[in-house]
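Read the structure below first, then the notes.
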Amino acid sequence: MALWNTFVPSGSWYRFDLWWSALATTGGSWTSPALLENDDAGDATNQALVADSGGNFHAIWQQYASEYRSDLVHRSYTPGSGWSTVTTVSTTNGTYYNNRLPSLVADRNGNLMAMWGVYQSGYGGAEEGTFARRYAAGEGWRTTLRVGATGGAPAISTSLDVQADGTIGATWMEPAEYRSDGPIFSARFK
């Protein structure tokens, strides 16, 4: 499975669409490219793709509703059935909120963990920071958790991995304002 962005002129503006394709058979050819998202209101960028132990694929990406707002959305692909409907993963939303730069990981039981930063354009404050949300196989998305300090800077880089015992390791960077460096944090989730 592969995901990529394409640049689309749209009048005097432009946007980025999100496309996908998969190998039809081992050693075979790729399926015809198709749109993964169909929201032409704004960009679909910063995608992450993982496969679970059941052979299903999970995609998460940053979907812009406007210049000042983006949500994180998820779709899963089951071979033989295709893509699920779009589900919004981010729970901090509103006109000036950008939920951005997600990472995603799947464990051997088909559970997922997503992590991302929330930036409140021009405001800052308690709603900004770094957040995570777990998906329980067969149940759906659980409650969003704040993993960074309240009022902390939003993560500009996130990374997740699964240990042999099923523990999920998380690392993220929360930069000082207007800088690209900053402290690096880590956490473990069971």
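For the single chain, residues carry numbers from 1 onward in sequence order.
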Report yes or no: do Trp30 and Ser21 form a side-chain donor-acceptor pair below 3.5 Å? no
Separation between OG (Ser90) and CG (Asp71), nearest 0.5 Å, reads 4.0 Å
Distance from Glu37 atom CD to Trp19 atom CH2, nearest 0.5 Å? 9.5 Å
What pairs with Ser103 under side chain to side chain contact (heavy atoms under 4.5 Å, CB included), at least two apart in sequence or on another chain? Met115, Thr158, Leu160
Give the minimum heavy-atom separation between Ala132 and Met113, together with the two atoms involved. CB-SD, 3.9 Å
Got a donor-acceptor contact below 3.5 angstrom from the Arg142 side chain to the Tyr135 backbone? no
Return yes if some donor-acceptor pair links the side-chain N/O of Arg15 with the main-chain N/O of Tyr64 below 3.5 Å, else return no. no
For Val73, the other hydrophobic cluster members (4.5 Å side-chain criterion, sorted by chain and number) are Met1, Leu3, Leu18, Trp20, Leu36, Leu49, Phe57, Trp61, Tyr77, Trp83, Val86
What's the shortest heavy-atom distance between Asn5 and Ala44, and which atoms? ND2-O, 2.6 Å
Ignoring hydrogens, what is the shortest heavy-atom contact between Pro102 and Ala48? Give both atom names and the distance. O-CB, 4.2 Å
Check whether the ring centres of Phe7 and Tyr14 lie less than 6.0 Å apart, and answer yes or no. yes
With a 4.5 Å limit on heavy-atom distance, are the side chains of Ser157 and Leu101 in contact? no
Quick one: pull up OG in Ser84 and CG in Asn56 and give me the separation to the nearest 0.5 Å. 10.0 Å
Does Thr31 reach the main-chain N or O of Ala22 with its side chain, forming a donor-acceptor pair under 3.5 Å? yes
Are Tyr97 and Tyr119 side-chain neighbours, meaning at least one heavy-atom pair lies under 4.5 Å? no
Looking at side-chain heavy atoms only, is the closest gap between Thr85 and Arg75 below 4.5 Å? no
Do Ser70 and Asn98 get their side chains close enough for a donor-acceptor pair, meaning under 3.5 Å? yes
Hydrophobic cluster identity match, Leu112 and Trp116, side-chain contacts under 4.5 Å: yes
Could you check whether any side-chain heavy atom of Arg100 comes within less than 4.5 Å of a side-chain heavy atom of Ile156, counting everything from C-beta outward? yes
Quick one: are Arg108 and Asp52 in side-chain contact, heavy atoms under 4.5 Å? no
Strictly below 4.0 Å, N to O, side chains only: are Arg134 and Asp107 in salt-bridge contact? yes
Hey, does Ile168 have a side-chain heavy atom less than 4.5 Å from the side chain of Val105? yes
Looking only at heavy atoms, which two atoms of Leu23 and Gly28 are closest? And how far apart? CD2-O, 3.4 Å
Ala136 to Asn111 - nearest heavy-atom pair and separation: CA-OD1, 3.4 Å
Do you reckon Trp141 sits in the same ILVMFWY cluster as Val147, going by side-chain contacts under 4.5 Å, direct or chained? no
Do Gln120 and Tyr96 meet the criterion of a side-chain donor-acceptor pair at a distance under 3.5 Å? no
For Gly110 against Ala137, the heavy-atom pair lying closest together: O-CB, 3.6 Å
Quick one: are Asn99 and Thr92 in side-chain contact, heavy atoms under 4.5 Å? yes
Do Thr130 and Glu174 have side-chain N/O donor and acceptor atoms under 3.5 Å apart? yes
Give a yes-or-no answer on whether the side chains of Thr45 and Asp43 include a donor-acceptor pair shorter than 3.5 Å. no
Interatomic distance, Leu72 atom CG to Gln63 atom CD [nearest 0.5 angstrom]: 10.5 Å
Any heavy-atom pair between the side chains of His58 and Leu104 that's under 4.5 Å? yes
